Number of protein chains: 2
Amino acid sequence: MTKKLSIRDIGRELGISITTVSFILNGKAKEKRISAALTEKVLKFVEEVNFKPNMMAQGLRTGKSKIICLMVEDISNNLLFAQVARLIEEEAHNKGYRIIYCSTGNKKEKALELIRLFRDRSIDGYIITPPEGIENEVQSLINEGIPVVLIDRNLPKLKCSHVVIENLNSTHEAINHLISNGFKNIAFVTLDSDQTQMADRLAGYEKAVSEHGLKSYVKKLGFHESPDLNINEIVSFLDENRDIDAVFFSTNYIGVWGLQAIKILNLLIPKDIAVISFDDQDLFKFYSPSITVVAQPVPHISNHIIKLMLNALEEKDTTVHEIVLPAKLIVRESSALKNA
Amino acid sequence: MTKKLSIRDIGRELGISITTVSFILNGKAKEKRISAALTEKVLKFVEEVNFKPNMMAQGLRTGKSKIICLMVEDISNNLLFAQVARLIEEEAHNKGYRIIYCSTGNKKEKALELIRLFRDRSIDGYIITPPEGIENEVQSLINEGIPVVLIDRNLPKLKCSHVVIENLNSTHEAINHLISNGFKNIAFVTLDSDQTQMADRLAGYEKAVSEHGLKSYVKKLGFHESPDLNINEIVSFLDENRDIDAVFFSTNYIGVWGLQAIKILNLLIPKDIAVISFDDQDLFKFYSPSITVVAQPVPHISNHIIKLMLNALEEKDTTVHEIVLPAKLIVRESSALKNA
DNA sequence: AAAAAATGCTAAATCGATTTAGCGATATTT
DNA sequence: AAATATCGCTAAATCGATTTAGCATTTTTT
């Protein structure tokens, strides 16, 4: 309840100028030749009265807000993003940064609107899962010297730091696993999207299938608001292609829809149809049968993201870092040996 | 790339004082008797050059940061919190507020540390899922006139606005549902915690059980870091009480642990043991059998939270609002009529 | 017609920090 | 001993907004 302290109060209390206090608080005591004795005294006093500089004033003067924006597809929709949010939070706090979040719903317009909303609002850095079509806005952030780290997917037209996983290789490996377990008519259900992560997963599928001379069954879902419409699309697709004996869902919520579709069709996993989904989650681990997944190394990913961001912010590192991390095939019951 | 505009530039450009510009931008034109013509002219110009006031400067002068802190247990652990985060985000943005988040892990020390970190950092308001023992810090926020809305649970020692659900009644209803479906030895698995939401759920259980003269089986789990230890505790509990024919899990992650425990014990749901869990999620909906749950009205809850917060911030409404919303029993396969 | 009130606008102080330029005292060099 | 350098610290400008007090005019009242 005591009135808020300012650097001016500190100076008055100790009989010194605010300049000196500021230098000491910013670790410039040595550089500015403030005596060790005075430095010590000020730091001790500041500690005692628990003085915290006013961030607004600091921000106004320095032009830095110490705020990082985390722009994800939907923080409530994809556990991956919530987990990343959780993991980067602590490290950011340790370095004195706060994180604000926002969700684009994977909509270009929403993303543009949000970037424009935050622009000129002194956000120090952006961590973004970019929808397609926001290249220009991202580029202009970069042009202004604002650090941007893209995550989950890349914008290939841009030279911009990003942290993604080996989508092609890991999908390739997963499809090969199905093939070596005896499945021959393997379907790939994905979104009708050109985003790099989706394109790479599809490429991994196509590669494996063509290497083994198998037929390719690809279903690209439209963007329906309602899950039910998506489930219906999957039901129709599987129903019209009864020779399919295995299916790969290219992302976790498609996986969830897929399981429902399979339940509706009354198919048995893996006897009638084997299943692998991208992204692990409780549902897949505890489902009966448990579902084989390609799991992303979330802590590893998060570490890289926040390291890149903090490095760009604190060390003014403007190098473009392209981090590609391996994903892991976790084999469970849903992809067991055919007819075993 | 054009240098950032300030209110001063606007004034210079139009040949008027910054005072006038400021009044107009703050909607005080009428009140301050600025002519309609000039007001129009300024607004048009501001629109044209896309001027956005510097939030740091505004914040420094007004003492308001336009930032709300959302402090949850774990944004990645409980879908409820991620969903709330998502739903309050847009409304907050509409009113010009940003949301920063942080996770307490339900630890008192972490919560205190975070509040202290953000204190004196000009956060305009706090939305908190409070662990026990942070009453004093919350009270001192309130004393300073900073709006606080507690969510998911209450701190009964405090007069503080909160948004919770009818934990007692909804649990009572769920247990009654089990009873009327023929179950007699109903267990209640919860956390060893005095938090109000947990206490109320337990009270709802005890009430139903005692009203029907049934035996009470309550298991309070310790706080283990590892899920496996919790699962083991549930396994032992169920194994030592083989007469239990139904179990209520008091929160969603306990529900997930419980399902695993039941799988380990090779019990059939609902034949060997009926199951109800608090909080709905995909896993419960799609599980085989599907799991009966007490579902929270997440959009409804979120609406109330952000309304309360914005009202306190914008209208200076200091009334204590105690919002208690109904929860909904969603009956699924896991609680089907005994021996049906 | 003089006094009072309303109109339309602005000068300047202020919020709390950072940072540039520089001042007086002591120490070192020549 | 005078000139120079170093030491230890500070005055004042600045960031970009808000807000109080008030100054000319014009209009209304008496």
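The structure displayed is predicted, hence computed values, not measured ones. Sequence lines set the chain letters: A, B, ... in the order given, protein chains first and strands last, and positions in each chain run from 1.
- Across the protein-nucleic acid pair, B:K30 atom NZ and C:dC9 atom P stand 13 Å apart, rounded to whole Å.
- Across B:N77, B:N78, B:V72, B:L79, a single residue satisfies side chain to side chain contact (heavy atoms under 4.5 Å, CB included) together with B:I75, and that is B:V72.
- For the pair B:K66 and B:Y97, the cation-pi test (distance below 6.0 Å, angle within 45°) is passed.
- Following rounding to the nearest Å, A:E31 (CD) and D:dG8 (C1') show an atom-to-atom distance of 14 Å.
- With a 4.5 Å cut-off on side-chain heavy atoms, B:I10 and B:F51 count as touching.
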Item checked: Per-nucleotide protein contact string for nucleotides 9-18 of chain D, where B marks a base within reach and S marks sugar-phosphate only (heavy atoms under 4.0 Å, - for neither) -> BBBBBBBBBB
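- By the 4.0 Å N-to-carboxylate-O rule, A:R153 lies too far from A:E132 to be salt-bridged with it.
- B:I24 has its CD1 atom 15 Å from the P atom of D:dT19, to the nearest Å.
- The closest side-chain heavy-atom distance from B:L70 to B:F81 is not below 4.5 Å.
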